[in-house]
There are 2 protein chains.
Amino acid sequence: MARKTHRSPEEAKKTILDAAESILVDVGPAGLRLSAVAKKAKMAHPNIIHHFGSREGLLQALSNRIGERATLRTTNAIDQALKAPPQERVAAVIKVLETPYQGDEGRAAVWLHLSGAKSAIRSNMEHIVALSHQFRQSFDPTASKDNTNRLVLLITLALVGEVISGDEIKEALGFGDSDESRAHFKQWLAEILLTLNDNQLKTSLSINKSSKTTTPTSSIPQES
Amino acid sequence: MARKTHRSPEEAKKTILDAAESILVDVGPAGLRLSAVAKKAKMAHPNIIHHFGSREGLLQALSNRIGERATLRTTNAIDQALKAPPQERVAAVIKVLETPYQGDEGRAAVWLHLSGAKSAIRSNMEHIVALSHQFRQSFDPTASKDNTNRLVLLITLALVGEVISGDEIKEALGFGDSDESRAHFKQWLAEILLTLNDNQLKTSLSINKSSKTTTPTSSIPQES
DNA sequence: ATTGCTGTTTACAGTTTTGTAAACTAGAAT
DNA sequence: ATTCTAGTTTACAAAACTGTAAACAGCAAT
């Protein structure tokens with residue numbers, strides 16, 4: 001390892017982060033070893049510490065980069081959906097649903113989140129939900145903010161789940177590994193999101209003071 | 001630590017597993033240290049190796065126990081929903097949605113899954129989806145297996161996401177930490193699941209001819 | 001009580017890992 | 001060409017971690 005390929009600090013950091021990210025997907029943050037990252041980046045491990053201060057610094061930088069990339073892509077995708085003409089809405093929504101899956105970023109992001117890294121989710125969520133509401137109102141003027149919030153929550157949770165164990169669950173449910181059947185599911189979901197109007201989402205939710213949520217065996221409010 | 005409290009092997013294993021599980025929730029499988037488990041279980045760490053063979057053996061046993069408990073509870077909850085009278089259906093479905101959250105088991109299970117432990121999801125998923133379909137048909141005879149599959153997939157993914165970053169996402173979306181607003185979301189979701197009939201779920205999914213489905217044709221340039 | 005089994009502990013070894021220190025060198029500036 | 005800066009490497013240290021070996025001790029059976 002006598003070769004000393006000098007690079008700029010930015011480039012060095014990038015190669016280190018790339019190597020770390022590719023390893024992170026397999027072993028997780030707690031399993032990330034500086035020696036492994038150094039080997040993949042083709043350098044000696046103290047070089048990593050020189051650029052990031054410590055192992056923790058590397059993880060923090062990694063978390064930041066992944067978070068920024070993911071939120072940028074997501075907001076872009078929703079933005080595109082907003083500008084899309086009606087006949088392309090389904091495709092646009094599908095694209096939004098596909099955004100987090102790119103590569104293994106989502107998996108890495110969730111893993112970092114599990115490990116306690118300050119995630120970039122919270123800071124950008126307001127923007128995302130605002131854009132989503134704007135989108136919903138563009139084809140359903142009666143759409144309420146509450147229901148948008150709930151839909152965004154449901155979809156976000158599902159996307160997190162998808163990133164983690166989507167492949168296994170889909171396989172267990174009989175969805176083939178073919179891209180086709182997965183595209184079907186995404187299309188199904190996208191169409192539902194576009195079809196459901198606020199009336200269908202309201203159901204009997206108006207009751208809010210029953211408050212017997214933990215012991216639901218008693219009477220169930222269903223009137224309105 | 002001169003006190004030597006003798007126990008049966010089963011009881012010893014249980015105390016070790018309990019300690020390991022409570023730690024696992026915070027640090028993840030890769031971060032689980034035998035010394036930490038031993039300290040929490042109030043014993044010396046070689047004792048753990050004596051009972052489980054190795055650190056890996058402990059993780060495997062832990063994964064098995066968590067998986068078995070979770071799937072048992074889930075199938076039980078769906079079973080109850082099947083037997084519930086119509087006016088208690090919403091409550092029953094809410095209970096199904098709450099099943100995985102009990103304690104921190106879900107978080108631990110997902111983390112183990114991320115780390116490559118053979119999960120118990122796949123083997124029991126068939127049973128779960130069969131029960132779910134039975135349940136759907138009990139109030140909507142026209143319910144198709146395809147849509148049940150898709151709904152189960154959506155809910156399962158959302159539950160996985162809920163377990164991982166539900167708290168943070170909900171907070172970011174403005175859902176209060178109060179149990180009340182969370183109960184609202186669950187009730188909203190449960191009612192949607194019970195309300196949606198197969199007609200609404202079918203939408204225009206039959207279109208396989210459309211060119212916009214699988215290849216979203218980037219007619220829209222990347223810009224924002 | 002004595003014996004034997006086994007759960008439990010102490011002491012220790014080998015390996016791995018993060019981080020430090022100093023030497024080395026590629027490339028830019030002079 | 002010479003000098004200087006800074007990225008890079010080698011060598012090393014301290015700590016942590018898993019697993020081993022042997023001794024210890026509670027408990028049941030004889």
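Chain letters run A, B, ... following the sequence lines, proteins first, then strands; residues in each count from 1. Since the structure is predicted, the reported quantities are computational estimates derived from the model, not experimental observations.
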Calculate the interatomic distance between [X] atom [atom1] and [N] atom [atom2]; express it in whole Å.
X	N	atom1	atom2	result
A/Arg55	D/dA16	CZ	P	15 Å
B/His50	D/dC24	NE2	C1'	14 Å
A/His51	D/dT9	NE2	C1'	12 Å
A/Ile48	D/dT8	CD1	C1'	12 Å
A/Lys39	C/dT17	NZ	P	11 Å
A/Leu34	C/dT20	CG	P	12 Å
B/Ile49	D/dT20	CD1	C1'	9 Å
B/Glu10	C/dT6	CD	C1'	13 Å

For this session: Give me the residues of residues 22-30 of chain B where at least one heavy atom lies under 4.0 Å from an atom of DNA chain C, by number, or none.
Result: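 None - not one residue of the stretch has a heavy atom sitting under 4.0 Å from the strand.
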Please classify the nucleic acid contact of [X] as base, sugar-phosphate, or nothing, using heavy-atom distances under 4.0 Å.
X	answer
A/Ser8	nothing
A/Leu58	nothing
A/Ile16	nothing

Tell me whether the OP1 or OP2 atom of [N] has a side-chain N or O from [X] closer than 4.0 Å.
X	N	answer
B/His6	D/dC27	no
A/Asn47	D/dG7	no
A/Arg7	C/dA26	no
A/Arg33	C/dT18	yes

For this session: Side chain of B/Pro46 only, please: which of D/dT20, D/dG7, D/dG19 is the nearest?
Result: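 Shortest atom-to-atom distance from the side chain points to D/dT20.
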Does a side chain donor of either [X] or [Y] reach within less than 3.5 Å of an acceptor in the other side chain?
X	Y	result
A/Asn147	A/Arg150	yes
B/Glu56	B/Gln60	no
A/Arg136	A/Thr148	yes

Problem set entry | Closest contact, heavy atoms only, B/Lys186 versus B/Ile94 |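 Of all heavy-atom pairs spanning B/Lys186 and B/Ile94, the closest is O-CG1, 4.1 Å.
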Exercise. CG/B/Leu17 to NE2/B/His51 distance, rounded to the nearest 0.5 angstrom?
Worked result: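 Going from CG on B/Leu17 over to NE2 on B/His51, the span is 10.5 Å.
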Exercise. With a 3.5 Å cut-off and just heavy-atom distances, do the side chain of B/His45 and the base of D/dG19 make a donor-acceptor pair?
Worked result: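 Side chain to base: pair found, below 3.5 Å.
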Problem set entry | Pairing of A/Arg69 and A/Glu21 as salt bridge, 4.0 angstrom limit |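 Yes, charged N to carboxylate O under 4.0 Å.
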For this session: Only pairs at least two apart or in different chains count here, so list each salt bridge (charged side-chain N to carboxylate O under 4.0 Å, His left out) that has a residue in residues 25-39 of chain A.
Result: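 Every pair satisfying salt bridge (charged side-chain N to carboxylate O under 4.0 Å, His left out) with a residue in residues 25-39 of chain A: there are none.
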